[in-house]
Q: 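For reference, the structure I am asking about is given below.
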Amino acid sequence: MSTNKSYKSAFIFLTTLFFLWGFITVLVDSLVPRLKDVFEMSYAKTVLVQFAFFTAFFVVSVPAGMILSRIGYKKGIILGLAIMSIGCLLFYPAAEYRTFSVFLIGYFTLAGGITVLQVAANPYVALLGSEEGASSRLNLSQAFNSLGTTIAPVVGALYLLSDSVKTSTEIEALSEADKKAYYIAEASTVQTPFLLIAGFIALLAVAFFFIKLPKIIETSPKGGYVTLLKNKMMLLGALGIFVYVGAEVSIGSFMVNYFDSMNLGTIVAGNDTMMSIANTIAEVFGKDFDGKDPKSLLGVFIIFYWGGAMIGRFVGAYLTKIMSPAKVLSIFAILAIAMITISITTTGLVSMWSILAVGLFNSIMFPTIFTLSLEGLGELKAQASGLLCMAIVGGAIIPFAVGALIDGVGFKLAFVLAMVCYAYIMFYGYTKRKAPVVA
């Protein structure tokens, strides 16, 4: 009984971590349009925020696994939280001095902490209890991760995009007193939310210091990485993770700017139904849209992109029980391609809602690709998980390519690259259906 109770307590606290890194990961997207305006940058340069964030997964994943093998899961979680808190604190001087490079360092540091948490928490939750219930525990934790990704865009829209950013020309036209007041207000918009998040993370780290977590030891065979790099299906799965994260982040990062490029702020503001939806969501967070910037208004609707992923995860969990997971993966990839096609060939609210619907079909992709990639690997699963986490770097590289394409040919054609990513995922699902499971 005492063991079961300790497992339940550990599971509850660990699930808060899933929510936390989901929330913060998507909050990154809210800063992309703001930083573009503040530093008057191209889309390709603005996406360096995502590049810094997701590169950390590639750099930190394997070292994190090595560190955890020495210090254990509990100390690893505390270490990850401490690094995250430091990353959030770096946003204070970055906003104070309007220094883009410090923003990038802050995001890399923040993502490094999240990477340590991912490497520690994912296998730990799976091992907290019976093997039969491992999938159920992970799905529940991931549902809270999706809850975090659903709430984050609304918080970002209402607090990070809630005011208009002045151009350098407009700032130069201000008096010294007005200029100083503007800089203080602009910095505070970014500083306050991240200081609060840093404080919460620090408290959580202290809580984990006193929490008694069950000791779970798992070893992996030596030379596993060499073996894995010869495993074709695992490598195809890693590429699937790479393109999936890249496509998902590309759409999420540029969506507000995509909507703004079609003048959807004016269309939404003139539509009573859309404004009713926006204000209902805003009221939950104690805000309204009187006199707000169009980007803030449009940003609120991103909740449907990430909220769709949360709903789709529950639907997908059922579908993967009654159908082949690889088949479901291929079907969802086809539907994602269909939604993007509709969006880039239409305008107005049809274009808006169809691209938002892509989130619904993103839902099962990461966990399904992840689990399909681990099939038949036996004792190598832990090391394979580390390599798959490294593939999350796709969230750094593909958005940069999409940003460059937007600068050159516009949003509509740039999103074709995301379609190519989903086409590969469709291919991977088809390949897994045909391939036998070989250890």
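For the single chain, residues carry numbers from 1 onward in sequence order.
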Q: Can you list the residues that meet the side-chain hydrogen bond (donor to acceptor under 3.5 Å, both in side chains) rule with N263, with sequence neighbours excluded?
A: T266
Q: Could you work out, with ring pair (Phe, Tyr, Trp, His ring centres under 6.0 Å) as the rule, every residue matching F23, not counting sequence neighbours?
A: none
Q: Not counting sequence neighbours, which residues clear side-chain hydrogen bond (donor to acceptor under 3.5 Å, both in side chains) with T192? List them please.
A: S188
Q: Atom CE of M262 and atom CD1 of I355: how far apart are they, to the nearest 0.5 Å?
A: 8.5 Å
Q: Give every donor-acceptor pair under 3.5 Å between a side-chain atom in residues 79-87 and any protein atom, sequence neighbours left out.
A:
unit_1, atom_1, unit_2, atom_2, d
S85, OG, A198, O, 3.2

Q: Name each donor-acceptor pair under 3.5 Å that joins a side chain in residues 333-343 to protein atoms two or more places apart or in another chain, with its distance.
A:
unit_1, atom_1, unit_2, atom_2, d
T341, OG1, I337, O, 2.8
S343, OG, Y258, OH, 2.9
S343, OG, S351, O, 2.9
S343, OG, S351, OG, 3.1

Q: State whether the side chain of T16 and the backbone N or O of F13 hold a donor-acceptor pair below 3.5 Å, judged by distance alone.
A: yes
Q: Using side-chain hydrogen bond (donor to acceptor under 3.5 Å, both in side chains), reason through Y305 and N362 one step at a time and then give a plain yes or no.
A: CA-CA 9 Å; Y305 181 70; N362 278 337; 3.1 Å; yes
Q: State which residues pass ring pair (Phe, Tyr, Trp, His ring centres under 6.0 Å) with F427; sequence neighbours excluded, sorted by chain then number.
A: Y424
Q: Tell me if the centroids of the rings in F194 and F91 come within less than 6.0 Å of each other.
A: yes
Q: Taking only residues two or more places apart in sequence, or in another chain, which ones meet A95 in a side-chain contact (heavy atoms from CB on, under 4.5 Å)?
A: F103, A187, V190, Q191
Q: Got a sec, which residues hit side-chain contact (heavy atoms from CB on, under 4.5 Å) with I241, two or more places apart in sequence or on another chain?
A: V245, F366, I369, F370, L388, A391, I392
Q: Going by ring pair (Phe, Tyr, Trp, His ring centres under 6.0 Å), name the residues that satisfy it together with Y428, two or more places apart in sequence or in a different chain.
A: none
Q: Who passes ring pair (Phe, Tyr, Trp, His ring centres under 6.0 Å) against F209, sequence neighbours left out?
A: none
Q: Sequence neighbours left out, what passes side-chain hydrogen bond (donor to acceptor under 3.5 Å, both in side chains) with D260? Give chain and number order.
A: K295
Q: Under the side-chain contact (heavy atoms from CB on, under 4.5 Å) test, which residues partner V409, sequence neighbours left out?
A: L405, L413
